[in-house]
Amino acid sequence: MKKLLQFLIVLSVFNVLPFGQAQAEQRSTHNAQSLKDTFAKDFLVGVSLNPRNVRNAAEQDLIRQQFNSVTCENVMKPKEIHPSANEWKWEEADRIANFCRENGIKMRGHCLVWHNQFSDWMLYDEMGNFVDKEVFYARLKDHIQKVMTRYKDVIYAWDVVNEAMSDGGPNPYRESKLYQLCGDEFIAKAFQFAREADPNAILFYNDYNECDPRKSKNIYNMVLKMRSEGVPIDGIGMQGHYNIYGPTVEELDAALSLYAPLVEHIHVTELDVRVNREMGGQLRFSQEGLAISDSVQNLHAQQYERLFKTFRKYRDKIDCVTFWNLHDGCSWLGARNYPLLFDASLQPKPAYFRLVDKK
Ligand code: XIL
């Protein structure tokens, strides 16, 4: 017995005991505070989840404690949920939705139309040729109706179209398969189908590199054009895949002040802050950092502080800020990009304290 006690004390000193004293004390530091309480008067604070997160008790606790909005990281994407014409895979999406229902957490839906992880079968016939675009629209409409109806009670906002604008070049639109078949009309159709499926959901156009002056103009012009034609785009989703150097406050402010008069809602939908210079939403990052130094950790905290200060300035327009993943250990960027507020052991990082202490 004495041996066991000694062993437990050693573990707890080295902070490796899952629910040891050391962690319990650390936890209590942030029990009193939370992200959702800190920003309660400003906006919801969300997190994107994979199904493993809601199977793990410690992660469930962290979600409940810190967040009041949830997005599925992958399992509601067309390819995941509707991989072929007669195949629906609801199980994992239901698991996350049920966790949210049981805990009274609202959800953002992600996403209905995207060139990646899309149900490409909607675009082609059995010979692999493009279908007539009316056939595609009928399939898309059915998809949107079924998915939105199933989660109507728990999802308050949807990313209807994701990443349809280009990063550069003469065409402001991304020349995806969707664009090749339909031009920009697929954007209008998707929003119309979504409005019909759930008139109460807030409908978003969502994109990355949204603070880049050229890309933000592309996004602005498209949303302006669509809205002037009566397309029901209620909001702009700023993905927020940033790094410790950028965007600067000026760049973020410029993007927010461009979008704010255009739409009723802005959501920051996929926030993370890499410790290298990479940015954006495409899978280009290759180099993971090494162990994080104190000075980089400090830059990371400072960048989060600047970002949230600017988000709060636009609190009348921004109603949700969502982190892309729960902790560094499950980040899509890899744990060694250190992009989030909680480390791989679920412990709050300096950036977390910078945010909750600032209030
Ligand atoms: C990412 C997921 O996090 C990864 O697990 C997946 O392999 C690829 O997609 N922009 C988006 C998100 O809108 O859906 C992406 O999520 C990240 C970039």
Side-chain angles (χ1 to χ4, degrees), residues 39 41-46 48 69 71 106-114 144 148 155-167 172-174 184-242 247 249-271 280-281 307-324:
F39 297 101
K41 294 208 175 82
D42 306 315
F43 32 70
L44 299 172
V45 183
S48 88
S69 175
T71 307
K106 298 172 169 210
M107 292 186 83
R108 300 189 79 258
H110 179 82
C111 50
L112 297 171
V113 180
W114 187 25
I144 290 177
M148 288 186 75
I155 294 188
Y156 66 99
W158 271 98
D159 293 329
V160 177
V161 176
N162 199 26
E163 302 183 359
M165 306 317 291
S166 77
D167 289 300
Y173 291 97
R174 177 187 296 278
D184 68 359
E185 191 187 48
F186 78 89
I187 302 175
K189 291 285 182 189
F191 278 95
Q192 280 150 6
F193 299 152
R195 178 63 96 230
E196 280 164 39
D198 181 1
N200 294 320
I202 311 172
L203 307 181
F204 282 82
Y205 173 74
N206 192 45
D207 215 328
Y208 69 92
N209 283 356
E210 73 287 343
C211 296
D212 174 87
R214 191 154 59 158
K215 179 94 174 259
S216 62
K217 259 288 173 217
N218 288 347
I219 295 171
Y220 177 89
N221 289 339
M222 182 278 287
V223 174
L224 180 67
K225 174 192 165 221
M226 294 281 164
R227 282 176 58 107
S228 69
E229 291 167 358
V231 177
I233 302 180
D234 304 313
I236 290 180
M238 301 172 62
Q239 288 190 7
H241 293 296
Y242 301 147
V249 168
E250 292 71 29
E251 288 163 345
L252 178 61
D253 202 273
L256 281 162
S257 61
L258 180 69
Y259 301 140
L262 183 62
V263 285
E264 287 75 26
H265 305 271
I266 293 175
H267 284 187
V268 178
T269 54
E270 307 183 15
L271 182 62
L307 293 172
F308 273 81
K309 201 169 160 208
T310 312
F311 297 156
R312 289 190 66 227
K313 190 176 152 192
Y314 289 87
R315 51 188 269 196
D316 290 346
K317 202 53 82 159
I318 298 180
D319 21 52
C320 184
V321 177
T322 294
F323 289 86
W324 204 245

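Residues R214 and N209 have side chains not in contact (no heavy-atom distance under 4.5 Å, counting atoms from C-beta outward). Residues F311 and L271 meet the side-chain proximity criterion, which asks for heavy atoms closer than 4.5 Å. You'll find the side chain of P247 reaches within 4.5 Å of the side chain of Y242, heavy atoms only.
To the nearest 0.5 Å, the span separating CD on Q192 from CD1 on I144 amounts to 10.5 Å. A distance of 8.5 Å separates CD1 of I219 from CE of M238, quoted to the nearest 0.5 Å. To the nearest 0.5 Å, the span separating CZ on F186 from CZ on F193 amounts to 12.5 Å. In this structure, CD in E185 is found 10.5 Å from CD1 in I187, a value given to the nearest 0.5 Å. A distance of 10.5 Å separates CG of L258 from SG of C211, quoted to the nearest 0.5 Å. Distance OH/Y205 to CE/M165: 6.0 Å, rounded to 0.5 Å.
Annotation for F204 and G237: closest pair CD2-N, 3.7 Å, computed over non-hydrogen atoms. The minimum heavy-atom distance between T269 and D159, with the atom names listed, is CG2-OD1, 4.1 Å. Taking both residues in full, the closest heavy atoms of L112 and V160 are given as CB-O, 3.5 Å, listed atom of the first, atom of the second, then distance. Residues R227 and I233 approach most closely at NH1-O, 2.7 Å, considering heavy atoms. When all heavy atoms are compared, the tightest approach of N218 to S166 is ND2-O, 3.3 Å. Here the closest non-hydrogen pair linking V263 and G235 is CB-CA, 3.9 Å.
Of the possible donor and acceptor atoms, none in the side chain of K215 sits under 3.5 Å from a partner among the backbone N and O of E210. Looking at R108, its side chain never comes within 3.5 Å of a backbone N or O of S69 through a donor-acceptor pair. In this structure, the side chain of R315 does not engage the main chain of F43 through any donor-acceptor pair within 3.5 Å.
Below 30°, between 30° and 60°, or above 60°: for H110 and W114 the angle between ring planes is between 30° and 60°, a tilted geometry. Taking the six-membered ring where tryptophan is involved, the planes of F39 and F308 are tilted, since the angle between them lies from 30° to 60°.
Scanning for side-chain hydrogen bond (donor to acceptor under 3.5 Å, both in side chains) contacts around K189 gives an empty result, with sequence neighbours left out.
Ion pairing between a basic and an acidic side chain is recognised when a charged N comes within 4.0 Å of a carboxylate O; D234 and R195 show such pairing.
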Q: Dump the intermediate steps for side chain to side chain contact (heavy atoms under 4.5 Å, CB included) on L262 and Y220, then the final yes or no.
A: CA-CA 8 Å; L262 183 62; Y220 177 89; 3.5 Å; yes
Q. Where do W324 and V268 land on the side chain to side chain contact (heavy atoms under 4.5 Å, CB included) test, with the steps shown first?
A. CA-CA 10 Å; W324 204 245; V268 178; over 6 Å; no
Q: Dump the intermediate steps for side chain to side chain contact (heavy atoms under 4.5 Å, CB included) on K309 and V249, then the final yes or no.
A: CA-CA 9 Å; K309 201 169 160 208; V249 168; over 6 Å; no
Q: With side chain to side chain contact (heavy atoms under 4.5 Å, CB included) as the test, would you mind laying out the steps for K313 and D253 before giving the verdict?
A: CA-CA 9 Å; K313 190 176 152 192; D253 202 273; 2.6 Å; yes
Q: Decide side-chain hydrogen bond (donor to acceptor under 3.5 Å, both in side chains) for Q239 and N162; before the verdict, give the C-alpha distance in whole Å, the side-chain angles of both, and the deciding distance to 0.1 Å.
A: CA-CA 10 Å; Q239 288 190 7; N162 199 26; 3.2 Å; yes
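For the pair K317 and Y314, the NZ or CZ position fails the cation-pi test of under 6.0 Å to the six-membered ring centre and within 45 degrees of the ring normal.
Using a 3.5 Å distance cut-off with no hydrogens or angles, the side chains of D167 and Y208 do pair a donor with an acceptor.
Screening V321, T322, D319 for a side-chain contact (heavy atoms from CB on, under 4.5 Å) involving H267 leaves a single residue, D319.
Within a 6.0 Å radius of NZ in K225, more than 12 heavy atoms belonging to other residues, nucleotides or ligands are found.
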